[in-house]
Amino acid sequence: MSQKNTMSSDTTSIQHSARQVAIEVISNILLQQGSLSTQLARHQLDVASEHIPLLKELCFGVCRQYPKLNSIALHLLEHPFEEKDTDLYATLLLGLYQLTYMNTPDHAAVNESVEACRLLNKDWATKLMNAVLRRYQREADDIVELLEAMPSIEYNHPKWLVKRLNKHWPDQLEEIIEASNTHPPMCIRVNESRVSRETYKATLMEKGIKSTEGEFSNAALYLRNAVRVTELPNFEDGFVSVQDEAAQLSAYLLSPQAGDKILDACAAPGGKTGHLLEKADNVELTAVELEPWRMEKIESNLERLRYSAKLICADAAELDTWWDGEHFDKILLDVPCSATGVIRRNPDIKINRKPADIDEMVSIQREILDSVWTTLKPGGFMLYATCSLMPEENELQIQRFLENQKDAIDVPLNTLAADFALEWGIPVSHGRQLFPSLESHDGFYYCLLKKI
């Protein structure tokens, strides 16, 4: 049986409270009623603040291990639950997760799953839940051994996604899978306009927080152990932000200069927006974001960093709703994507992402790219970015764009920042592809375009 982690509840009542909310969150995800991040944001207020870590452990854990847990659950059940009983299936997945990966006593995990059926007013399922979980207790190793040849068990990823990754990146497949199955490290971005990375690293050490410097971003520090943001010195004063190192590369590649008029399209949650403003004084920055609730995150980030920008809630592709006709010197276009490079941060992708989603994303990206390009002035630069590993969203998307847009060329990524070394990822037909790393950055794609 898999190694259990150290997270456990202090009392049955604490776990029960977090457990019931976790059942609702996971049920909604299984029913495709929102992402893990939005579901947690909505429901974590339903538990006491001290129980939120347990709630997150249960929800992230089940999503991260879903391909394995789902295969085991379907093997154990004689008949799958009907859609109206998705909450019972979520309860079963939680029970299997506790038995396999948590330090919850086995009898407690089983009993709490049975009691959850009662709380869901489905007493008829108590005997079934008890029988299935107790069978797994007895036969866990044999069941896993029987199923281990299945891609969902071997790779802990959906079969279709493993097939796609193997087709595109056979040499990197094992690295991608291993990194995508782990907990991501906590990486922070030091605001270099206010403090040097070396000084902030020393300040962290004084607080007993050990860190190591990022390899590619001059502002990146990886924390040895994750901490609450409130424990980061001067966090509320804007000295530091939480941001993956791969995402930090965008500001270096676009290299803002004083007086630049910059567009950050599809800007939420505002990490890159803030970084662009940190890189140069007197930048005139416009941030466009479609979702109002995500726009609130940008506002909050900029307020903490003490920067200002023109914030517009609109669809970036619909220029007549937001663009005033004044062209931009530089554009950061971090388009919506399949997020296959950041699965470890969004493990519900393993549940809800489907092959058809890739085609839909490609279409959305194409529309945004074609529209936003017209807002760039001649001689200006656009940095196209995704957190995807799919070529059709990345280099092939750019190839199509260049074939149709005769005033566009792709240029070396260090064109704007000559001192920025391209030692990360691999070159592809257009731009560079960065793969998720086990101990450091996420997966990302970048391509720099120039209007001629």
**OP:** Dump the intermediate steps for side-chain contact (heavy atoms from CB on, under 4.5 Å) on Leu383 and Lys272, then the final yes or no.
**Re:** CA-CA 12 Å; Leu383 182 65; Lys272 299 181 186 69; over 6 Å; no
At what distance, to the nearest 0.5 angstrom, does [atom1] of [X] lie from [atom2] of [Y]?
X: Met295; Y: Ser300; atom1: CE; atom2: OG; answer: 13.0 Å
X: Asp244; Y: His441; atom1: CG; atom2: NE2; answer: 8.0 Å
X: Ile23; Y: Thr91; atom1: CD1; atom2: OG1; answer: 3.5 Å
X: Arg345; Y: Phe60; atom1: CZ; atom2: CZ; answer: 10.0 Å
X: Phe444; Y: Thr386; atom1: CZ; atom2: OG1; answer: 7.0 Å
X: Ile351; Y: Leu93; atom1: CD1; atom2: CG; answer: 8.0 Å

Pair [X], [Y]: side-chain N/O donor-acceptor within cut-off below 3.5 Å:
X: Tyr136; Y: Asp106; value: no
X: Gln65; Y: Thr100; value: no
X: Glu57; Y: Tyr101; value: no
X: Gln365; Y: Glu393; value: yes

Original post:
Looking at Gln399, Arg164, Gln397, which one forms a side-chain hydrogen bond (donor to acceptor under 3.5 Å, both in side chains) with Glu392?
Top reply: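 Considering Gln399, Arg164, Gln397, a side-chain hydrogen bond (donor to acceptor under 3.5 Å, both in side chains) with Glu392 is found only for Arg164.
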So do the side chains of [X] and [Y] get within less than 4.5 Å of each other, counting heavy atoms only?
X: Thr273; Y: Asn301; answer: no
X: Thr340; Y: Leu161; answer: yes
X: Leu77; Y: Tyr89; answer: yes

Original post:
Between Glu115 and Arg19, is there a salt bridge with N-O shorter than 4.0 Å?
Top reply: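 Answer for the salt bridge query: no.
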Original post:
Cation-pi between Arg194 and Tyr307: NZ/CZ under 6.0 Å from ring centre and within 45° of the ring axis?
Top reply: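 Verdict for Tyr307: a cation-pi partner in Arg194.
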Original post:
Stepwise, does the side-chain contact (heavy atoms from CB on, under 4.5 Å) test hold for Leu55 with Cys59?
Top reply: CA-CA 6 Å; Leu55 173 65; Cys59 295; 3.8 Å; yes
Return all side-chain donor-acceptor pairs below 3.5 angstrom for residues 210-220, not counting sequence neighbours, or 'none' if the list is empty.
{"residue": "Ser217", "atom": "OG", "partner": "Ala219", "partner atom": "N", "Å": "3.2"}
{"residue": "Ser217", "atom": "OG", "partner": "Gln248", "partner atom": "OE1", "Å": "2.6"}

**OP:** Answer yes or no: are there more than 12 heavy-atom neighbours, outside Glu423 itself, under 6.0 Å from its atom CD?
**Re:**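 Atom CD in Glu423 is not crowded, with 12 or fewer foreign heavy atoms closer than 6.0 Å.
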Original post:
Above 12 or not: heavy atoms from other molecules or residues under 6.0 Å from CD of Glu231?
Top reply: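 Atom CD in Glu231 is packed in, count exceeds 12.
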Subject >> Stepwise side chain to side chain donor-acceptor pair (under 3.5 Å) test for Thr86 and Ser27 >> reply: CA-CA 6 Å; Thr86 300; Ser27 296; over 6 Å; no
**OP:** In sequence, state the C-alpha distance, the side-chain angles, and the governing distance for Val335 and Leu369, and then conclude on side-chain contact (heavy atoms from CB on, under 4.5 Å).
**Re:** CA-CA 8 Å; Val335 293; Leu369 180 54; 5.7 Å; no
